K.L.:
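Quick one: the structure is below, and I'll ask about it shortly.
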2 protein chains.
Amino acid sequence: MKRIMLTIAYDGTAYFGWQKQEGMPTVEQRVMDAIGKLTGESVELIGASRTDAGVHALGNVAVFDTNATIPGERYTPALNSFLPEDIRVMDSKETEAEFHPRFDAHSKRYEYHIITGPVANPLETRYAHYVREKLDIEAMKRMAEDFVGEHDFTSFCAAGAQVKSKVRTVSLAEVTEQNGHIVIAVEGDGFLYNMIRIFAGTLLAAGLHRIDAGSMPDILSAKDRSFAGPTAPACGLKLCFIRYK
Amino acid sequence: MKRIMLTIAYDGTAYFGWQKQEGMPTVEQRVMDAIGKLTGESVELIGASRTDAGVHALGNVAVFDTNATIPGERYTPALNSFLPEDIRVMDSKETEAEFHPRFDAHSKRYEYHIITGPVANPLETRYAHYVREKLDIEAMKRMAEDFVGEHDFTSFCAAGAQVKSKVRTVSLAEVTEQNGHIVIAVEGDGFLYNMIRIFAGTLLAAGLHRIDAGSMPDILSAKDRSFAGPTAPACGLKLCFIRYK
């Protein structure tokens with residue numbers, strides 16, 4: 001028995017997220033189907049990040065166990081021949097039997113992209129959230145700084161999420177401008193459900209002067225979802241990479 | 001009667017090109033339909049560039065004549081409310097009755113985007129042509145230089161195209177690397193059918209060392225389509241803008 005680790009990129013537009021759901025097109029289901037066609041086995045995938053419907057990924061990670069004798073690196077071209085073009089295995093290798101893509105993750109990087117202007121450029125809106133109004137980027141930068149650190153992120157967690165602790169450590173949260181995009185980059189050891197999209201929606205509210213850029217400490221200490229901004233749309237979010245120990 | 005000038009951007013993936021064709025989804029048809037819904041008139045559009053199926057545009061230009069009293073700049077938001085999200089009117093204004101978007105064009109800029117690497121990144125392949133092999137970019141740059149100038153571009157025109165003269169003036173043809181893309185930028189007073197895609201395919205052949213980077217003068221002087229490289233796929237091509245006198 002071998003444990004195979006896949007690094008997977010996808011355009012999430014056409015999918016109901018990563019996690020398999022009966023009767024819905026999901027990335028996990030497509031990858032499982034491709035593995036089934038290749039090995040003849042019905043495998044269970046363990047994914048690192050359950051991205052939401054419409055969210056993109058450059059480097060999500062998943063593992064599965066197989067009795068097939070195919071060398072680890074051969075899964076990349078072999079699975080890609082069975083996958084739709086909007087899902088690609090970028091890398092594959094054999095890994096230790098104990099390796100767990102979520103529990104062993106050291107940190108993850110996400111980016112949230114925003115474009116602004118009088119009209120939404122149709123060559124950008126597939127991978128960026130469009131806002132008509134000009135944003136106060138300095139206010140967004142200032143607010144992002146206070147997101148860094150070990151905090152209880154209850155205010156940035158979708159209501160109803162079932163996790164024991166909502167304490168996470170964010171190691172990087174910054175706002176930059178790149179090729180006409182406003183890019184919110186976030187790195188941390190783990191994220192709560194919708195945490196990055198609520199963070200992006202809160203920074204957007206600051207950029208629109210709907211909330212004060214200095215209010216992040218108050219939002220965090222409230223431990224109440226209603227204190228943060230709205231959840232920003234999925235299309236702007238991208239899981240960039242996952243680092244392992 | 002007013003003549004209205006529209007600057008139109010579109011993601012060409014879902015369309016059979018600009019020009020209307022019975023029973024096919026085309027950009028021109030969608031824009032005509034939107035104008036019809038807005039003004040109640042059935043108008044003829046005159047477009048600047050008949051982009052092919054799958055080709056994208058940031059700034060194609062079209063005009064139409066109308067008896068509607070709507071101010072020119074109001075067509076932008078009004079038409080966008082009737083258009084699909086992958087087609088956007090970026091700008092609109094009233095123009096002179098004699099203005100012709102093709103004959104009055106001073107120059108056009110196109111870009112052809114290429115990505116390379118072991119696996120095609122699914123977040124890039126909608127707007128860039130993927131090639132597995134590493135390309136010799138210096139060879140592509142060298143060859144592009146010889147495309148500039150006034151030439152008979154018969155070798156870069158799809159067989160069967162019906163135009164009197166195949167002499168055109170290319171004012172810029174350069175290859176650069178931008179954010180991981182190899183970008184072939186071309187500007188000129190006008191282009192023959194498939195000219196940029198054949199040029200891109202020829203540069204690709206040089207980048208792969210299938211043809212000599214010094215062979216552009218011979219290809220041009222042959223005035224024979226078979227001397228140039230293959231027509232590169234539509235997805236990599238984008239009409240950037242059209243300049244007027």
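Treat the numbers as computed from the prediction; the structure is a model and nothing was measured. The basis for the numbers below is simple: all heavy atoms, side chains too, and nothing from hydrogens, waters or symmetry mates.
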K.L.:
So which of B:Gly117, B:Gly12, B:Ala9, B:Pro118 has the biggest tally of heavy-atom pairs under 4.5 Å with chain A?
P.N.:
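Most heavy-atom pairs within the cutoff with chain A belong to B:Ala9.
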K.L.:
Answer yes if the side chains of B:Tyr15 and B:Asp86 hold a donor-acceptor pair under 3.5 Å, and no otherwise.
P.N.:
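Yes, side-chain donor-acceptor contact under 3.5 Å.
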K.L.:
Counting only heavy atoms closer than 4.5 Å, note whether B:Thr76 contacts chain A via side chain, backbone, both or neither.
P.N.:
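Contact with chain A is through the side chain of B:Thr76 alone.
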K.L.:
Quick check on A:Tyr10 against chain B: is it the side chain, the backbone, both or neither that has a heavy atom closer than 4.5 Å?
P.N.:
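Backbone only.
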K.L.:
So, are A:Arg50 and A:Glu28 salt-bridged, with charged N and O less than 4.0 Å apart?
P.N.:
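Result for this pair is no, no salt bridge flagged.
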K.L.:
Step through it carefully: locate the ring centre of A:Phe147, locate the ring centre of A:Phe199, and say whether they are under 6.0 Å apart.
P.N.:
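Yes, ring centres under 6.0 Å apart.
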K.L.:
Side chain, backbone, both or neither: which part of A:Asp11 has a non-hydrogen atom closer than 4.5 Å to chain B?
P.N.:
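Contact with chain B: backbone and side chain both.
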K.L.:
Would you please indicate if the ring centroids of B:Phe191 and B:Phe156 are separated by under 6.0 Å?
P.N.:
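When the ring centroids of B:Phe191 and B:Phe156 are compared, they turn out to be at least 6.0 Å apart.
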K.L.:
Report the option among B:Lys238, B:Arg126, B:Glu85 that has the most heavy-atom pairs separated by less than 4.5 Å from atoms of chain A.
P.N.:
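The answer is B:Arg126.
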K.L.:
What about the rings of A:Tyr127 and A:His113, do their centers lie closer together than 6.0 Å?
P.N.:
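No, they do not, as the ring centres are separated by 6.0 Å or more.
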K.L.:
Is A:Asn179 close to chain B through its backbone or its side chain, or both, or neither, when contacts mean heavy atoms under 4.5 Å?
P.N.:
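For A:Asn179, the side chain is the part near chain B, not the backbone.
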